[in-house]
Amino acid sequence: MAQQEDVFKKLVSHCKEYGFVFPSSEIYDGLAAVYDYGQMGVELKNNLKKYWWDSMTLMHENIVGIDSAIFMHPTIWKASGHVDAFNDPLIDNRDSKKRYRADVLIEEQLAKIEDKIDKEVEKAAKRFGESFDEAKFRATNQRVLEHQKKWNQLHQRYSDAMNAMDLDALKQIILDEGIVCPISGTRNWTDVRQFNLMFSTEMGSTADGAMKIYLRPETAQGIFVNYLNVQKTGRMKIPFGIAQIGKAFRNEIVARQFIFRMREFEQMEMQFFVKPGTELEWFEKWKQTRLKWHKALGLGDHKYRFHDHEKLAHYANAATDIEFLMPFGFKEVEGIHSRTNFDLSNHEKYSGKSIKYFDPETNESYTPYVIETSIGVDRTFLSILAGCYEEETLSNGETRVVLHLPATLAPVKLAVMPLVKKDGLPEKAREIMDDLKFHFKCQYDEKDSIGKRYRRQDAIGTPFCATVDHDTLNDGRVTLRNRDTMQQERIPIDRLKDIIAKEVSMTELLKKQL
Ligand code: GAP
């Protein structure tokens with residue numbers, strides 16, 4: 001694990017060094033849990049969003065997109081339950097004046113016990129070698145059983161307290177477990193309080209007439225309140241979906257792990273409206289469809305798993321997360337929820353307007369049920385980088401840092417390089433670039449040795465480099481180098497476009513999901 005954390009730190013500095021992600025407002029010492037995407041990051045992020053958008057709106061004729069405003073009528077957040085219930089339990093340490101999420105402190109305590117068990121297992125695996133039976137060891141070893149018993153008891157207390165949102169019980173667990181503040185090292189805790197995660201601001205010019213509004217904490221509500229507009233103007237028939245990509249804002253108490261948990265982030269959400277009674281069937285379909293979308297990226301099927309929710313929110317009748325194996329363990333990147341008709345009927349109630357769907361086939365009106373797929377752009381971006389980052393030792397003993405990005409998502413598809421900066425080679429390279437730049441993102445690079453230039457392109461994940469040398473002027477061929485295999489091939493210039501276009505094609509990536 002420590003080694004993985006090390007890789008993660010390197011990945012974070014790599015992101016900064018190569019223009020993927022910068023801390024926001026860096027020259028003013030940054031702004032906690034807010035990040036900016038740099039020149040490479042924005043290209044990768046836009047490609048990722050296009051992959052999702054096309055997967056939804058091209059591959060499903062019954063899914064259309066919208067782009068709703070971030071500011072919405074404040075009653076929307078009352079109807080959705082966010083004003084009353086979008087809370088995290090927070091606790092302060094009086095000595096360090098640091099604020100923590102009470103649930104996170106307890107979860108870290110649970111993780112410590114899990115670590116102890118893992119260490120016992122690791123030690124035993126080393127001791128017994130090939131003949132080690134892990135399942136049997138876990139089921140019989142006395143120390144493991146003691147740790148497991150402690151974990152079960154703590155987990156039960158914690159689940160009970162969270163389910164009942166019993167803030168006193170949460171504090172009591174923290175005290176009983178002797179959890180200390182990592183900064184002050186003391187147990188001088190305040191009571192646990194509820195903290196609403198929504199940011200608010202005021203709309204209107206006069207103090208008296210100003211209205212308190214919220215920065216949306218999810219994009220989904222913009223879809224719910226527009227569902228009938230889209231259904232009517234688009235003549236959509238149930239089942240149909242509405243997709244949206246946009247910013248969301250949450251005043252996270254504990255924001256850590258780089259772009260994994262941010263205060264301003266981006267979501268790609270799709271609400272699929274179905275006939276009541278068919279929702280669980282659609283839930284299963286969307287689970288599989290979304291998993292295929294992730295796996296088509298080629299980061300390794302074993303890095304994904306479902307985490308089905310045992311305890312469901314009161315409005316849901318099924319829910320699962322798609323988790324990815326990050327350097328800090330399996331973590332949620334996408335949530336798939338069967339949300340019943342909770343949101344639509346509440347909007348009906350709070351707005352006083354009927355938003356029922358009239359089914360022309362059965363001549364009946366009903367409030368549709370909704371399956372939601374909700375994926376974080378930034379978390380997926382992080383999962384892709386984590387899955388593609390490699391410090392590779394080459395056969396000649398040299399090392400290189402390479403991003404094995406899916407070619408379709410790579411910020412730059414082709415680097416065009418004259419071998420030397422003279423003899424007409426730069427002009428030839430420019431000519432190639434000027435032709436290909438209409439088809440995909442190219443970068444011209446003539447500085448430093450060719451080896452250094454290859455390393456720079458490896459580091460940003462460019463799948464192809466084309467080198468123009470003196471022979472090019474005579475035979476009309478360039479050397480095309482593949483990022484992953486590092487193999488080089490002489491290719492006629494007029495074939496470059498087709499070869500690269502096929503490899504970086506969005507269509508090919510979309511088809512991989514079938
Ligand atoms: N409309 C449902 C909804 O918002 P969620 O599980 O709270 O569900 C969905 O969020 C996805 O949004 C998560 O799976 C995650 O990828 C992303 N997400 C949520 N909070 C985030 C944060 N603070 N920073 C980055 N991504 C976040």
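Counting convention: from 1, in listed order, for ligands and their atoms alike. One is the number of the first residue; the rest follow in order along the sequence. Reckoned from all heavy atoms, side chains included, excluding hydrogens, waters and symmetry mates.
Judged as a side-chain contact (heavy atoms from CB on, under 4.5 Å), and not counting sequence neighbours, the contacts of K237 are Y357, P360, E361. Partners of Y389 by ring-ring contact (aromatic ring centres under 6.0 Å, His included), not counting sequence neighbours, listed by chain and number: H14.
Under the 30°/60° scheme for interplanar angles, the aromatic rings of F224 and F273 are found to stand perpendicular.
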Residues 277-284, side-chain donor-acceptor partners within the protein, below 3.5 Å, at least two apart:
{"unit_1": "T278", "atom_1": "OG1", "unit_2": "K275", "atom_2": "O", "d": "2.6"}
{"unit_1": "E279", "atom_1": "OE1", "unit_2": "G277", "atom_2": "N", "d": "2.7"}
{"unit_1": "E279", "atom_1": "OE2", "unit_2": "N317", "atom_2": "ND2", "d": "3.0"}

Would you tabulate the polar-atom pairs, meaning N/O of ligand 1 against N/O of the protein, with distances under 3.5 Å, reported to 0.1 Å?
{"unit_1": "ligand 1", "atom_1": "1 (N)", "unit_2": "E218", "atom_2": "OE1", "d": "2.6"}
{"unit_1": "ligand 1", "atom_1": "1 (N)", "unit_2": "E269", "atom_2": "OE2", "d": "2.6"}
{"unit_1": "ligand 1", "atom_1": "1 (N)", "unit_2": "E372", "atom_2": "OE1", "d": "3.4"}
{"unit_1": "ligand 1", "atom_1": "1 (N)", "unit_2": "E372", "atom_2": "OE2", "d": "2.9"}
{"unit_1": "ligand 1", "atom_1": "4 (O)", "unit_2": "R250", "atom_2": "NH2", "d": "2.9"}
{"unit_1": "ligand 1", "atom_1": "4 (O)", "unit_2": "Q267", "atom_2": "NE2", "d": "3.0"}
{"unit_1": "ligand 1", "atom_1": "6 (O)", "unit_2": "E332", "atom_2": "OE2", "d": "3.2"}
{"unit_1": "ligand 1", "atom_1": "7 (O)", "unit_2": "R250", "atom_2": "NH1", "d": "2.8"}
{"unit_1": "ligand 1", "atom_1": "7 (O)", "unit_2": "R250", "atom_2": "NH2", "d": "3.1"}
{"unit_1": "ligand 1", "atom_1": "10 (O)", "unit_2": "Q267", "atom_2": "NE2", "d": "3.4"}
{"unit_1": "ligand 1", "atom_1": "12 (O)", "unit_2": "Q267", "atom_2": "NE2", "d": "3.3"}
{"unit_1": "ligand 1", "atom_1": "14 (O)", "unit_2": "E332", "atom_2": "OE2", "d": "2.6"}
{"unit_1": "ligand 1", "atom_1": "14 (O)", "unit_2": "V333", "atom_2": "O", "d": "3.3"}
{"unit_1": "ligand 1", "atom_1": "16 (O)", "unit_2": "V333", "atom_2": "O", "d": "2.8"}
{"unit_1": "ligand 1", "atom_1": "16 (O)", "unit_2": "G376", "atom_2": "N", "d": "3.0"}
{"unit_1": "ligand 1", "atom_1": "20 (N)", "unit_2": "R250", "atom_2": "NH1", "d": "3.4"}
{"unit_1": "ligand 1", "atom_1": "23 (N)", "unit_2": "E252", "atom_2": "OE2", "d": "2.8"}
{"unit_1": "ligand 1", "atom_1": "23 (N)", "unit_2": "M262", "atom_2": "N", "d": "3.4"}
{"unit_1": "ligand 1", "atom_1": "23 (N)", "unit_2": "M262", "atom_2": "O", "d": "2.8"}
{"unit_1": "ligand 1", "atom_1": "24 (N)", "unit_2": "F260", "atom_2": "O", "d": "3.4"}
{"unit_1": "ligand 1", "atom_1": "24 (N)", "unit_2": "M262", "atom_2": "N", "d": "2.8"}

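Of the candidates I259, L382, L11, I259 is the only one forming a side chain to side chain contact (heavy atoms under 4.5 Å, CB included) with V21. Here the options are L297, N46, T408, the test is side chain to side chain contact (heavy atoms under 4.5 Å, CB included), and the partner is Y51; only L297 passes.
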